[in-house]
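A quick write-up on the structure given underneath.
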Amino acid sequence: MHWADAFVKDLTEKQTVSTGISPSGHIHVGNMREILTGYFFHRALKDRGVESRFIYLCDDIDPLRKVYPFLKKEEYEQHVGKPLSSIPAPEGEGTYSEYFLRPFLETLGTIEVKVEVIRSTDLYRDGVFAKATDIVMNNVPRIREILETVSGRKLEPNWAPYNPICSSCGRINSTSVTGYTFPYVDYTCKCGHSGKSDIRKNEGKLPWRLEWPAKWFALGVTIEPFGKDHGAAGGSYDTGKAIAEEIFGIKAPLPLTYERILLKGKGVMHSSTGNVIPASEMVQYAPPEILRFLIARTHPSRHIDFDPGLGLLNLVDEYERYRNVFYGLEEAAGEDDARTYELSRLVEEKPDTFVSFRHLITLVQIYTTDEQLLGAMKRSGYGESKLSPYMKNQVKVAKAWLEKYAPDQVKFSLLPQDTKVSLSEQDVALARSFQEKIGEIEWTPEAIHNAVHGFIKEQNLEPKAGFATFYKILIGKERGPRLGYFLSNLDRVNVQRRLEIVLSGN
RNA sequence: GGGCCCAUAGCUCAGCUAGGUAGAGCAUCUGGCUUUUAACCAGGUGGUCGAGGGUUCGAAUCCCUCUGGGCCCGCCA
């Protein structure tokens, strides 16, 4: 059974699956595990006929913690400590949080993940946290005791479970609570200002360890996946669970701690270090369903070493193998293959409506126009009369991947006309016979192929070695794309000239 | 100091929940194919299942200890 199905298999009541990511920087492939793990639970529930609500809480009231390396120091120093929803975007119009949220939401659209997006600033502004905040402010000693016991840390004497936003300087990290009378929290700020925050508005926020259980309480969350940073003993899930049960009188959601996604050879993806591939970029360099597949195929308890190079190509191969399993064209290797495919795919893909991505990688390096490409695809079993939007995107993605991440192993390009290549006697003889007759060969794939094969046979060569001669001359490699189709797309005069140049040097 | 996860073929992994003769893909090798989608078809090589102990008629699977690797908490979120 697929891990998502196994996780929800005993649930029959309506569930609310919640996820949360802070838009403090680029929302990256690593963050996708949060939202997609939740999404797969949601899907698994619905597929079992269990009612489910799926929400994503965007923590946009969180303060900017520091000036990240990707921010201009002079510009953002003044904003440290202010909510992400009230400081300017690194570029263009709008707020900081929306700047990073927008491409993420677009990416969710691209991979067909439908989720209710809730901004924490809005929750506070609309008073959704008011009741929870009031409960919390009336139970400070008990909460302090829980936090100190469960987490083992000592809280400051003036600690309070609420952080007011200073109405004068806008900071949330420099205020101290001095009193509480519903609905106002009194505070003083390091900037010298004293004031009141209305807990029914976005004039302050709960600290994380309280905000999390308050969210469960206010929104009725029953399932929540989270990163292992929250899952450590004495971590925020432990304290959250205790607060949920003892202060709010609710059950904590069913937890799932997931492992991190690493970038192969570079370690953990962190927005603060810049060691990231934003999710919005990944869907430009990989078929979008692969983002889902990457997360769906691996149990959350295992870390993922993501390799955007050759590893990505292998990943797509695997996805396509699972697709074949789903359509009964191939035997399953693992028992969840078909289900993993089903959870990953974006649209129904009938077997004759696509061409394998690996093959496409070759094709887009040979053909320049859609017509040529379509012809080549049809020879590979593509049944549509024109490029589908899906395949158009695949083509775009294949080109982008070649440009940015492809290893040399899968790339080829014509050698410059005057590049010297040393050839064996066999190579020379073969290339010469072709070069001498090149003007008489009909410049079509089949005719070229037949001509080359004729010369190979005439000279008693191994076909493989014979073809290699031409690859050496043209692209400097031992192997290459099917020669007839390849050459027919090159200008005959240029090919002739290239052969002459190489032969004159041997 | 504390916690979690991982370890099975050269590589990526399945198998572990409910113990019953060790699996797949890729790579590699051999053979086939009168012509290459960086193919295709058939077959082969390759593993003391990280180590040790325990439970059991029987352990990759359950329990304990250890080793190695990774990550996290003890600021903030």
Side-chain angles (χ1 to χ4, degrees), chain A residues 1 3 6-7 9 20-22 24 59 61-66 80-81 84 120 151-154 163 172-173 205-212 226-239 257-262 264 267-268 272 297-305 307 310-311 313-315 317-318 320-322 325 330-337 340 355-356 358-363 365-366 376-377 379-382 409-412 445-446 448-457 462-464 466-468 470-471 475 477-486:
Chain A
M1 193 186 281
W3 55 263
F7 188 80
K9 74 175 185 332
I21 301 168
S22 161
S24 58
D59 302 313
I61 202 170
D62 287 3
L64 181 70
R65 264 184 280 162
K66 58 176 184 179
V80 171
L84 301 173
S120 61
S151 75
R153 67 168 176 161
K154 202 80 187 131
N163 302 129
I172 199 167
N173 66 344
K205 79 181 282 286
L206 297 162
W208 168 248
R209 282 183 187 249
L210 287 144
E211 187 176 78
W212 205 17
F226 48 84
K228 63 196 302 181
D229 45 343
H230 299 306
S236 51
Y237 182 76
D238 279 359
T239 54
T257 312
Y258 56 83
E259 269 286 347
R260 314 198 67 99
I261 297 184
L262 315 172
K264 188 156 187 106
V268 183
S272 57
R297 72 194 268 271
T298 305
H299 191 277
S301 67
R302 299 180 71 113
H303 79 252
I304 295 173
D305 212 0
D307 169 17
L310 199 58
L313 204 52
N314 290 331
L315 192 65
D317 276 350
E318 198 177 335
E320 290 173 350
R321 196 157 55 239
Y322 285 20
V325 170
E330 205 172 316
E331 227 169 287
E335 56 184 63
D336 303 323
D337 293 2
T340 301
V355 171
S356 90
R358 191 179 283 270
H359 184 34
L360 206 55
I361 289 295
T362 302
L363 296 185
Q365 292 182 87
I366 304 175
M377 284 165 57
R379 289 193 297 275
S380 307
Y382 185 69
Q409 197 180 335
V410 300
K411 283 197 278 196
F412 59 84
E446 205 183 340
I448 294 170
H449 205 109
N450 286 336
V452 171
H453 191 259
F455 293 128
I456 289 173
K457 212 175 161 189
E462 284 284 317
K464 203 174 185 175
F467 284 104
F470 292 92
Y471 297 127
I475 61 177
K477 296 188 164 208
E478 290 288 323
R479 308 170 89 182
R482 206 169 178 169
L483 196 61
Y485 294 112
F486 185 37

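Protein chains get the first letters and strands the later ones, always in sequence-line order, with residue 1 at the start of each.
Applying the Watson-Crick and G-U wobble criteria (two distances, each under 3.5 Å), B:C57 pairs with B:G20. Using N1 to N3 plus N6-O4 or O6-N4 for Watson-Crick, or N1-O2 and O6-N3 for G-U wobble, each under 3.5 Å, B:C4 pairs with B:G70. Searching all strands for a Watson-Crick or G-U wobble partner of B:C40 with both distances below 3.5 Å returns B:G32. When Watson-Crick and G-U wobble pairs are counted only if both distances are under 3.5 Å, B:U65 pairs with B:A51.
Atom CG in A:L363 sits roughly 8 Å away from atom P in B:A38 (whole-Å rounding).
OP1 or OP2 of B:A14 has not a single side-chain nitrogen or oxygen of A:R321 nearer than 4.0 Å.
Residue contacts for A:Y258: at a heavy-atom cut-off of 4.0 Å it reaches no nucleic acid atom on any strand shown. Contacts of A:D229 with the nucleic acid, taken as non-hydrogen atoms under 4.0 Å apart, include base atoms.
Considering all non-hydrogen atoms of both residues, A:H303 and A:L262 come closest at CD2-CD1, 3.7 Å. Scanning all heavy atoms of the two residues, the minimum distance from A:E320 to A:S356 falls at OE1-CB, 3.3 Å. Minimum heavy-atom separation, A:I172 to A:N163: CG1-O, 3.7 Å.
Ring geometry for A:Y237 versus A:F226: interplanar angle under 30°, hence parallel rather than tilted (30 to 60°).
Nucleotides B:G74 and B:G1, compared at atom C1', are 8 Å apart to the nearest Å. Separating the P atom of B:U55 from that of B:A14 is a span of 31 Å, rounded to the nearest Å. As rounded to the nearest Å, B:G46 and B:C11 have C1' atoms that lie 13 Å from one another. Atom name P, nucleotides B:C49 and B:A7: the rounded distance is 14 Å, in whole Å. Nucleotides B:U30 and B:C66 place their P atoms 48 Å apart, quoted to the nearest Å. Nucleotides B:A59 and B:U21 are separated by 13 Å at their C1' atoms, to the nearest Å. One P atom belongs to B:U12, the other to B:G53, and the distance between them is 29 Å to the nearest Å. Taking atom C1' on both nucleotides, B:A24 is separated from B:U34 by 34 Å, rounded to a whole Å.
In this structure, A:R358 and A:L313 have side chains that are in contact, with non-hydrogen atoms separated by less than 4.5 Å.
Annotation: of the two residues near RNA chain B, A:K9 and A:R209, the 5′-most nearest-nucleotide partner is A:K9. Between A:H299 and A:G235, it is A:H299 whose nearest contact on RNA chain B lies nearer the 5' terminus.
When the nucleotides B:C72, B:G3, B:C76 are ranked by their closest atom to the side chain of A:R153, B:C76 comes out on top. Among the nucleotides B:U12, B:G2, B:G70, the one closest to any side-chain atom of A:R297 is B:U12. The listed nucleotides are B:G3, B:C71, B:C75; the one nearest the side chain of A:R260 is B:C71. Residue A:F467 has its side chain nearest to B:U36 when only B:U36, B:C76, B:G2 are considered.
For the pair A:D336 and A:R297, the salt-bridge criterion is not met [side-chain N within less than 4.0 Å of a carboxylate O].
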Between the protein and nucleotides 5-7 of chain B, are there any N/O to N/O pairs under 3.5 Å, and if so, what are the atom names and distances?
unit_1: B:C5; atom_1: O2'; unit_2: A:S301; atom_2: O; d: 2.4
unit_1: B:A7; atom_1: OP1; unit_2: A:R302; atom_2: NH1; d: 3.4

Please report the C-alpha distance between A:R321 and A:D337 in whole Å, then the side-chain angles of each, then the deciding distance to 0.1 Å, and finally whether the side chain to side chain contact (heavy atoms under 4.5 Å, CB included) criterion is met. CA-CA 9 Å; A:R321 196 157 55 239; A:D337 293 2; over 6 Å; no
Decide yes or no on side chain to side chain contact (heavy atoms under 4.5 Å, CB included) for A:D238 and A:S151, but give the supporting numbers first. CA-CA 8 Å; A:D238 279 359; A:S151 75; over 6 Å; no
